[in-house]
Each structure stands twice: as C-alpha cells, then as structure tokens.
Peer 1: 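Can you read through this structure? Questions will come right after.
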Protein chains: 2
Amino acid sequence: MSSVTNNAAVEHPVRERMPAAERRELILGHASEVFGRRGYAGTTTEQIAQAAGISQPYVVRMFGTKEKLFVEVIERALGKLTVAFREVLRLHSTGEIPSNELGARLGQAYVDLIEDRGILMSLMQGFIQGHDPVIGERARAGFLEIYRLLRDEANFPADEVRSFLADGMLINTLLAIGLPDNFEGDEAATELMTLSFGAKLDTVLCAATDRPADRAQANLP
Amino acid sequence: MSSVTNNAAVEHPVRERMPAAERRELILGHASEVFGRRGYAGTTTEQIAQAAGISQPYVVRMFGTKEKLFVEVIERALGKLTVAFREVLRLHSTGEIPSNELGARLGQAYVDLIEDRGILMSLMQGFIQGHDPVIGERARAGFLEIYRLLRDEANFPADEVRSFLADGMLINTLLAIGLPDNFEGDEAATELMTLSFGAKLDTVLCAATDRPADRAQANLP
DNA sequence: GCCTCTGGTTATTGATTGATTACTAAGCAG
DNA sequence: CTGCTTAGTAATCAATCAATAACCAGAGGC
C-alpha cells in the first residue's frame, strides 16, 4: 500500500460516493443474503454493513430500524418472485408457452431463483418469523398473494397450487439446511436433491461450492 | 409439614421441588414452544425460564448453554416424530393397516403432531438455522433420517417420499406464518388450509383460538 | 470561491442477554 | 438431630447490539 509517488488522489478508484438509491439497492442485496442465512434475530446490522462495505450507523439511518430493513428485504424478494412468475404468464398469454407447459415453466422460474440464494432464503426467514406482529402480517399477505396469483392469474386448480407451493417449501427447506453445501456424497441426499431440483441440480451444487461472497468475516484476527 | 395453624406454610401447595429428570422434560417442553415461535436467536433463556416457571440461571445450568438446549429440543422433536411414524409402521407390519392405506396413515400421523405446535415448529426453526455449524449438522442429519425412514422402512418410492416431505414443509410454513390464527375468514387462506390440513382443519383452527400459554409477555407496559 | 445539500464516518450509549458465582433450603440417610 | 446431596435462587458481569449524536467531506450551483 506504500505508494512511491505522492499522488494519493489516484489511489482509490473503487472508493466512490454513490447515489442513495444505488447504495440502497446494494444494501438490500447484501442484507437479503445475510438475513437469508442467519435469520432476522440472528443477524446484526453490523454484519450487513460489513457485507455492503459501509458503516453500521449508515445502514440504520438509511432504513430507520432493523425491522424496517427486514420488511423491505422480504418485500423486495416477494417482488422479484412475482415478477418472475408474471413474466412466464405474459409469455403464456402471447402464445409463446402452451398451456400444457405452463406449470413446468412456472416451476422452472421458481427453481431459477435459487441462483440468488438471498431471495428465497430471506423470504423463508420472513415466513418463519410469522409470530412477529409486523413481519408476520407481511409474510402472511405475501404468501397468500402468491397463492392467488397462481390460482387466479395462472388459472391452476387449487390443489395443484397447493402442491406447487409445497414443492417450493421443500426446496426452501433443503436450501436452508444447506444440503447442497454439505451432503458430501450421501446417497439419500443426492437422490432427494435430484428429485427436488431436477435439471437445476448441477447449478445448485455449483453455486454451493464457490462460496457466495463470504469475505464479510475474513477480518477478525 | 403437619402444622395446619401456620398460615404461611400452606401458601404454596403447587410449589414443590421436582426431580431433575422431570424438571428437565418440563423445560424442554416449554423451550420447544418458545423456540418454535420465536426461533433460536430470537428466544432468550429468560423467556424459556418464565414459561417453565423457574429462574433463568437454572435453565442455563441444566443444559450448559442455550445452544445445547436448542439441540436437545430439536433432538426431542425428531424423536417424537420418528416414534409417531414407527408406530404406524408397526401397525402396518402387524397387518392392522393395509398397504394401500399406509401413506395416508403416515400423513395423518404427521398432521396429528400439529396439536403440539412446539414439535413441528422447533424442528422447522432447526432447519432454518442450517448455516450454524452444530445446529445445521444436526438438522441435516435429522432431515435425512426421516427421508430414509420413509423410503427404506416404509418402502415408499423416492418421489413419493419427496412429495410427502414437501407437503409436510408446506404445513410447517403455514403454521409458521400463523395462518390458522390470523386468516380472518380470508377465502384463499381458508381454501389453502382446507387442502393442506384436511380433516384436521377444525382441530388446527380450534388450537389456534385458545391462545397457547401467552402469559410470558404479559408484562411490558 | 463560497455555500449547501448529500453521502458518509467516528464515538457513544442504554438496554439486553447468556453465563457465572455464591448462596439457600429441601429432603433423605444413618 | 446431623450432615450431605440435590434443587433451586439472587446478584452480577462482560459482551453484544441497535440506535443516536455529532461531525466531516465531496461536488455541484451560482
């Protein structure tokens, strides 16, 4: 780090000021990941700050409270999920997806979301926090939103929607227990993951091995 | 103890010393409920102590650490779940349950466990804590244990087991978001719960209305 | 060339909270 | 009764954490 020349101004091309909206989205992304892994109560605003590369008070000041930040995180996750579903529905309405494939394509859209671990996991952490008066309220509303979208907009029979959601919750649980990262060749685990993740299995296992940005805790000597 | 005239001594007929093993199980029961509702990180040992009617240090001393207590809680839940399943399998092996009913009866056994909210919810909280090195390890092992039990002892095809587990995870999620307690007549919620809980629906809704021992937080003005 | 938003930081604090220590009392054995 | 083991409590501590306060700098407008 000892620059021979005295030109200090050229030393930080990465360190820049950032417009608030952009910083906000950046924080939400990292918060999604950390909340998704450690849960609401198990996550500190400091951990999120470190992941986002800023100071802890700034995180708090930008979102008011930790709880408001969490609500925004699950709202964002819910948004991305519905956008993904509605995109499939749009392709269906334009005839690009035949009706007999619609279910499979919606399932595919869900599984595709696995790649951003934070979305599915933070959403699941929101569900599990259902006892909380404010988070729980949002979680229930969100879950029913998805249910209605699949039933009323995709026109699926109620029990098919239920089954679809069940498969989703299993996927979430398998990700939550970290099976793709820790199955170590176990035969039963491999079988269950093959059946659950389908064609996306290799992607899931690949995303597991290259650790997703764990640089946050690489600095406590 | 035979002094009837002493009015102070007669004041606590309920307050008795309890053998450690019995107290231990009592704590585990209450811990199961509180952990199940608020999660691992979101639960304080003080809350568990209050629920169990003892002092906080005693909870810690009996189990060593909060983490060890949590592991015992999910171990206990896992135990009760496997006991319930194996009882169905026993009835099947003695011919009291025909093979074509086995799946339904196992499902029934699972749904029956809803009555003790703590079991399913604390287990789910264990799953969601999968990132934790010690809790996660136990959660993964427990999940695969159940998978193998259904596949190898109940002799179900792998994909039926997957589907069975998926239904279970949906039930857990619906309970976690507290839908039975807060659906308020919502049409979609009612439909989804009817499909998910089946014949057990009224029991679920009934267990929801009579609040399960919420006296713990009746003191924060 | 100054002024003033906007995007940040460092320092600090009050409340929790898991854990420890030291103490007390019940109850059984002899 | 005496004494030891077992069941429990009260007091306290050291860390952690969300939140607040106070301050600072870069960059554009004028």
Side-chain angles (χ1 to χ4, degrees), chain A residues 8-28 30-31 34-35 38-73 132 134-135 216-217 220, chain B residues 1-3 6 8-28 30-31 34-35 38-73 132 134-135 216-217 219-221:
Chain A
V10 84
E11 271 298 75
H12 45 127
V14 189
R15 269 275 180 256
E16 277 173 18
R17 284 174 61 135
M18 198 178 282
E22 190 178 336
R23 181 68 79 187
R24 195 184 178 81
E25 176 59 23
L26 189 144
I27 296 177
L28 281 173
H30 286 282
V34 183
F35 272 138
R38 316 178 70 105
Y40 172 64
T43 297
T44 72
T45 54
E46 171 69 33
Q47 290 167 337
I48 294 171
Q50 279 197 340
I54 54 173
S55 69
Q56 177 264 337
Y58 195 37
V59 172
V60 173
R61 218 190 38 183
M62 180 158 277
F63 294 91
T65 65
K66 179 182 164 184
E67 188 178 66
K68 283 179 187 167
L69 168 56
F70 186 74
V71 169
E72 284 213 36
V73 163
D132 181 288
V134 32
I135 295 174
Q217 61 228 51
L220 345 170
Chain B
M1 278 294 186
S2 55
S3 63
N6 194 337
V10 85
E11 272 297 74
H12 43 133
V14 190
R15 271 275 179 256
E16 277 173 19
R17 285 174 60 141
M18 197 179 283
E22 191 178 334
R23 180 68 79 188
R24 193 184 179 82
E25 176 59 24
L26 189 144
I27 296 177
L28 281 173
H30 286 281
V34 183
F35 273 137
R38 316 178 71 104
Y40 172 62
T43 296
T44 72
T45 54
E46 172 69 33
Q47 289 167 336
I48 294 171
Q50 279 196 340
I54 54 172
S55 69
Q56 178 264 338
Y58 195 37
V59 173
V60 173
R61 219 192 35 185
M62 180 159 277
F63 294 92
T65 66
K66 179 183 165 184
E67 188 178 66
K68 283 179 186 167
L69 168 56
F70 186 74
V71 169
E72 283 213 36
V73 162
D132 182 288
V134 32
I135 296 174
Q217 63 225 52
N219 47 8
L220 359 165

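In what follows, chains carry the letters A, B, and so on, assigned in the order in which the sequence lines appear, proteins first and then strands, with residues in each chain numbered from 1.
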Peer 1: Just how far, in rounded Å, is P of D/dA27 from CE of A/M18?
Peer 2: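 In whole Å, D/dA27 P lies 14 Å from A/M18 CE.
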Peer 1: With a 3.5 Å distance limit and no angle check, can you tell me whether A/Q47 reaches the backbone of A/T44 through a side-chain donor-acceptor pair?
Peer 2: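 Answer holds: yes.
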Peer 1: If you assign each of B/A21 and A/T43 to its closest nucleotide in DNA chain D, which residue comes earlier from the 5' end?
Peer 2: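 With B/A21 and A/T43 compared, the 5'-side residue is B/A21.
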Peer 1: Rounded to the nearest Å, what distance is computed from the CD atom of residue A/E46 to the P atom of nucleotide C/dT9?
Peer 2: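 Whole-Å distance recorded here is 11 Å.
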Peer 1: List in chain and number order the residues that pass side chain to side chain donor-acceptor pair (under 3.5 Å) with B/E67, two or more places apart in sequence or in another chain; answer none if no residue qualifies.
Peer 2: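 For B/E67 there are no side chain to side chain donor-acceptor pair (under 3.5 Å) partners, ignoring immediate neighbours.
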Peer 1: Please give, in whole Å, the distance from C/dG7 P to A/I27 CD1?
Peer 2: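 Going from A/I27 (CD1) to C/dG7 (P), I get 11 Å.
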Peer 1: Restricting to nitrogen or oxygen on both sides, can you table the protein-nucleotides 10-14 of chain D pairs closer than 3.5 Å?
Peer 2:
none

Peer 1: Check nucleotides 23-26 of chain D for protein N or O atoms closer than 3.5 Å to its own N or O atoms and list the pairs.
Peer 2:
| from | atom 1 | to | atom 2 | distance (Å) |
| --- | --- | --- | --- | --- |
| D/dA25 | N3 | A/R17 | NH1 | 3.4 |

Peer 1: Measure CG/B/L26 against P/D/dA7 and give the value in whole Å, please.
Peer 2: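 Distance, rounded to whole Å: 14 Å.
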Peer 1: Using whole Å, what does the distance between atom C1' of nucleotide C/dT20 and atom CE of B/M62 come to?
Peer 2: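 Spelled out: CE on B/M62 to C1' on C/dT20 is 17 Å.
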Peer 1: Mind checking side chain to side chain donor-acceptor pair (under 3.5 Å) for B/Q56 and listing every partner two or more places apart, or none if nothing turns up?
Peer 2: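 Applying side chain to side chain donor-acceptor pair (under 3.5 Å) to B/Q56 gives B/T45.
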Peer 1: Please report, rounded to the nearest Å, how far the P atom of D/dA18 is from the CG atom of A/L69.
Peer 2: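 Between P of D/dA18 and CG of A/L69: 11 Å.
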Peer 1: Taking only N and O in the side chain of B/Y58, is any of them less than 4.0 Å away from OP1 or OP2 of D/dG8?
Peer 2: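 Checking B/Y58 against D/dG8: at least one side-chain N or O falls below 4.0 Å of OP1 or OP2.
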Peer 1: Whole angstrom is fine here: how far is it from NZ in B/K66 over to C1' in C/dT16?
Peer 2: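 That distance rounds to 11 Å.
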Peer 1: Between atom CD1 in B/I54 and atom P in C/dT24, what is the gap in whole Å?
Peer 2: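 These atoms are roughly 21 Å apart.
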Peer 1: Kindly indicate whether the side chain of B/L69, heavy atoms from C-beta on, has any atom under 4.5 Å from the side chain of B/I48.
Peer 2: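 A side-chain contact under 4.5 Å exists here.
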Peer 1: Going by side chain to side chain donor-acceptor pair (under 3.5 Å), name the residues that satisfy it together with A/R24, two or more places apart in sequence or in a different chain.
Peer 2: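 A/E72.
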Peer 1: List in chain and number order the residues that pass ring-ring contact (aromatic ring centres under 6.0 Å, His included) with B/F70, two or more places apart in sequence or in another chain; answer none if no residue qualifies.
Peer 2: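 For B/F70, the residues satisfying ring-ring contact (aromatic ring centres under 6.0 Å, His included) (neighbours in sequence not counted) are B/F35, B/Y40.
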